[in-house]
*Asks:* 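Handing you a structure now.
Side-chain atoms are counted along with the backbone in the values below, which use heavy atoms only and exclude waters and symmetry mates.
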Amino acid sequence: MELPERKMKILQAIIRNYLESGEPVGSRTISKYTDLNLSSATIRNEMSDLEEMGLIMQPHTSAGRIPTDKGYRIYVDDMLRNEKKEVSDLKDVLLEKQDQLENLLQQVAKLLAANTNYASMISAPVVKKNKIKFVQLSQVDPGTLLAVIVIEGNIVRNTMIHIGEELDAKTLLRLNMLLNNSLCGLAVEEINLGLIAEIKKQAGVHSTIVGNVIDSAAEAIHPDEKPKIYTSGATNIFKYPELSGENATELISDFEDKKNLGNIVKETLQDPDNNGIQVYIGNEMPVAAMQDCSVVTATYDLGEGMKGTVGVIGPKRMDYDRVFGVLEQIMKQMDELYKK
């Protein structure tokens, strides 16, 4: 049953007030309880309509109203519908944010290649020493929970947990409080077996649910050892005779499998204090196929420990001044775009 907005708000106010007090609810109480700014007479008329519809009843003469089973059903269905919409909206926001960052990185790689005439790469940000900032459990349907875990860098991870039962609001609130009080501010190495056992003990019959959430949280904050890498301009390598032929084939292969590029990213990020530009020339490179090249890398920082590597691969005779300038400008623009 779809109720007009005004009737729905009055029904919700009656049910919430009745749940709190256990007493029949009158029109004067509702006039103070809602934000509709209606007179008591108007509310009485609406309440009469709700009574005729079988959603509320008057337990005895001159008393206020209490909800019927049918009224409770309308209230609960509307609450679940709104919660599902909130979950769906949250997913859309998360996907949009993820897509925006991915598009930004792809555009940076293309821009670097176009402005330098060399090959380019950029890694997705890696968060070091992740800590949990917030955990939120929401009931999606009677047998499923959505666990939303926010970690440093405002990175959000979410996972569906199948529980085979419906939790009431009070239980859900208690579990959320337990998880946040126990886990917030902790890094992965601090979530030990003793802590997990204590949290499960406090969760009682819901220890399995809590265990699943903790597993998801630990996975979310575990550092990603293989960040995603975006590349562009690989064919620019053919423009330079010293990199053509067999060497060019090996370089293109490295760009396709990205394993060796991952080693460059790892080496660049190893120094936690390094946010400047690094240059690897010839055999300074740990990658055999790139020892006829120069690689210029820089570490970008999106805040709260979110760091990644951006780099340019070209011949040893590359225009270093131009590459440095383009890298510095791009990192400045990334900072402005992402943090605004």
*Asks:* So, for L175 and V210, which heavy atoms are closest and what is the spacing to 0.1 Å?
*Replies:*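 What the structure gives for the nearest pair is CD2-CG2, 3.9 Å.
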*Asks:* T297 and Y280: which non-hydrogen atoms are nearest, and at how many Å?
*Replies:*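 Of all heavy-atom pairs spanning T297 and Y280, the closest is OG1-CE1, 3.8 Å.
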*Asks:* Do V108 and Y300 have side-chain heavy atoms sitting under 4.5 Å apart?
*Replies:*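 With C-beta onward as the side chain, the pair stays apart.
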*Asks:* First locate atom CD1 of I214, then atom OG of S182, and finally report the distance between them rounded to the nearest 0.5 Å.
*Replies:*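 Result: 7.5 Å between the selected atoms.
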*Asks:* Distance from I10 atom CD1 to E46 atom CD, nearest 0.5 Å?
*Replies:*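 With rounding to 0.5 Å, CD1 (I10) is 4.5 Å from CD (E46).
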*Asks:* Taking all heavy atoms of S40 and all of S27, pick out the closest pair and write down the distance.
*Replies:*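 Between these two residues, the closest heavy atoms are O-CB, 3.8 Å.
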*Asks:* Can any side-chain N or O of N17 pair as donor or acceptor with the backbone N or O of A13 at less than 3.5 Å?
*Replies:*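 Such a contact is absent between N17 side chain and A13 backbone.
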*Asks:* Examine distances only and state if a side-chain atom of T116 and a backbone atom of V323 form a donor-acceptor pair shorter than 3.5 Å.
*Replies:*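 Checked: no pair found.
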*Asks:* Would you name the heavy atoms of A147 and L137 that are closest together and state the gap between them?
*Replies:*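 Nearest pair, atom of A147 first, then L137: CB-CD2, 3.7 Å.
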*Asks:* So do the side chains of I66 and V25 get within less than 4.5 Å of each other, counting heavy atoms only?
*Replies:*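 A side-chain contact is absent here, since even the closest heavy-atom pair is not under 4.5 Å.
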*Asks:* Taking R317 first and then E242, would you say they form a salt bridge - that is, a charged N and a carboxylate O separated by under 4.0 Å?
*Replies:*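 Salt bridge present between R317 and E242.
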*Asks:* Check whether any side-chain heavy atom of I209 sits under 4.5 Å from a side-chain heavy atom of L167, and report yes or no.
*Replies:*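 Side-chain contact under 4.5 Å: yes.
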*Asks:* Can you find a pair of side-chain heavy atoms, one from E328 and one from I277, that are under 4.5 Å apart?
*Replies:*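 They are in contact (side-chain heavy atoms under 4.5 Å apart), so the answer is yes.
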*Asks:* I'd like to check I330 versus I122 (side-chain heavy atoms, cut-off strictly below 4.5 Å). Are they in contact?
*Replies:*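 A side-chain contact under 4.5 Å is absent here.
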*Asks:* Any chance CG of D168 has more than 12 other-residue heavy atoms, nucleotides or ligands included, within less than 6.0 Å?
*Replies:*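 Buried by this count: over 12 neighbours within 6.0 Å.
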*Asks:* Is it the case that the side chain of S123 and the backbone of T309 share a donor-acceptor pair, with hydrogens and angles ignored and the cut-off at 3.5 Å?
*Replies:*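 Yes, S123 side chain to T309 backbone: donor-acceptor pair under 3.5 Å.
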*Asks:* Working to the nearest 0.5 Å, report the span between CD of Q139 and CG of L146.
*Replies:*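 These two atoms lie 10.5 Å from each other.
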*Asks:* Has N192 got more than 12 heavy atoms of other residues, nucleotides or ligands less than 6.0 Å from its CG?
*Replies:*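 Enclosed: over 12 neighbouring heavy atoms sit under 6.0 Å from CG of N192.
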*Asks:* Any link between I281 and V296 through a network of hydrophobic side chains (Ile, Leu, Val, Met, Phe, Trp, Tyr) touching at under 4.5 Å?
*Replies:*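 Yes, I281 connects to V296 through the hydrophobic network.
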*Asks:* Using the side-chain contact (heavy atoms from CB on, under 4.5 Å) rule, take R6 and L38 through it: C-alpha gap first, then chi angles, then the decisive distance, then the call.
*Replies:* CA-CA 10 Å; R6 189 162 78 180; L38 300 174; 3.4 Å; yes
*Asks:* Rounded to the nearest 0.5 Å, what separation is found between the OH atom of Y72 and the CD1 atom of I15?
*Replies:*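 Between Y72 OH and I15 CD1, I get 6.5 Å after rounding to 0.5 Å.
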*Asks:* I'd like to know whether E5 forms a side-chain contact (heavy atoms from CB on, under 4.5 Å) with K9, so could you lay out the CA-CA distance, the side-chain angles of the two residues, the decisive distance to 0.1 Å, and finally the verdict.
*Replies:* CA-CA 6 Å; E5 182 181 1; K9 284 192 173 183; 3.5 Å; yes
*Asks:* Which heavy atom of P59 sits nearest to which heavy atom of P24, and what is that distance?
*Replies:*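 Closest approach of P59 to P24, heavy atoms only: CG-CG, 3.9 Å.
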*Asks:* Hey, quick one: are M121 and F238 part of the same hydrophobic cluster, counting side-chain heavy atoms closer than 4.5 Å, chains of contacts allowed?
*Replies:*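 Same hydrophobic cluster.
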*Asks:* Does I163 reach the side chain of T144, with side-chain heavy atoms less than 4.5 Å apart?
*Replies:*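 When only atoms from C-beta onward are counted, T144 and I163 do not touch, as no gap falls below 4.5 Å.
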*Asks:* Return yes if some donor-acceptor pair links the side-chain N/O of N212 with the main-chain N/O of I161 below 3.5 Å, else return no.
*Replies:*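 Checked: no pair found.
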*Asks:* Should the heavy atoms of other residues, nucleotides or ligands under 6.0 Å from NZ of K7 be counted, would the total exceed 12?
*Replies:*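 Yes.
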*Asks:* Grab the two heavy atoms, one from L105 and one from Y230, that are nearest each other, plus how far apart they are.
*Replies:*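 Closest approach of L105 to Y230: CD1-CE1, 3.5 Å.
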*Asks:* Tell me if a side-chain donor or acceptor on S48 pairs with a main-chain N or O of R44 at a distance below 3.5 Å.
*Replies:*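 Looks like yes, one N/O pair under 3.5 Å.
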*Asks:* Checking Y118 side chain against D319 main chain: does a donor-acceptor pair fall under 3.5 Å?
*Replies:*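 Indeed, once roles are kept as given, a pair shorter than 3.5 Å links the two residues.
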*Asks:* Would you indicate whether the side-chain heavy atoms of Q278 and V295 approach each other to under 4.5 Å?
*Replies:*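 No, their side chains stay 4.5 Å or more apart.
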*Asks:* Given side-chain contact (heavy atoms from CB on, under 4.5 Å), test M160 with L145 step by step and report yes or no.
*Replies:* CA-CA 6 Å; M160 292 292 184; L145 290 179; over 6 Å; no
*Asks:* Give me the one residue out of I74, T68, L3 that meets side chain to side chain contact (heavy atoms under 4.5 Å, CB included) with M53.
*Replies:*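 Considering I74, T68, L3, a side chain to side chain contact (heavy atoms under 4.5 Å, CB included) with M53 is found only for L3.
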*Asks:* Side chains of residues 193-206: which donor-acceptor pairs under 3.5 Å do they make with residues two or more places apart or in other chains?
*Replies:*
from	atom 1	to	atom 2	distance (Å)
E198	OE2	Q202	NE2	3.2

*Asks:* Is there side-chain contact between Y75 and M8, with at least one heavy-atom pair below 4.5 Å?
*Replies:*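 No, their side chains stay 4.5 Å or more apart.
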*Asks:* Could you go through M47 and I43, starting from their C-alpha distance and side-chain angles, then the distance that decides it, and tell me whether this counts as side-chain contact (heavy atoms from CB on, under 4.5 Å)?
*Replies:* CA-CA 6 Å; M47 290 172 73; I43 291 175; 3.7 Å; yes
*Asks:* When rounded to the nearest 0.5 angstrom, what is the spacing between CG in L50 and CD1 in I14?
*Replies:*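 Here the interatomic distance stands at 6.0 Å.
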*Asks:* Between Y320 and S294, does any side-chain donor sit less than 3.5 Å from a side-chain acceptor?
*Replies:*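 Per modelled atom types, Y320 and S294 side chains form a pair under 3.5 Å.
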*Asks:* For the atom pair CG (N115) and CD (Q329), what is the distance rounded to the nearest 0.5 Å?
*Replies:*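 Answer rounded to 0.5 Å: 10.0 Å.
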*Asks:* Quick one: do the N45 and T42 side chains pair a donor with an acceptor below 3.5 Å?
*Replies:*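 Looking only at side-chain atoms, T42 and N45 do not form any donor-acceptor pair under 3.5 Å.
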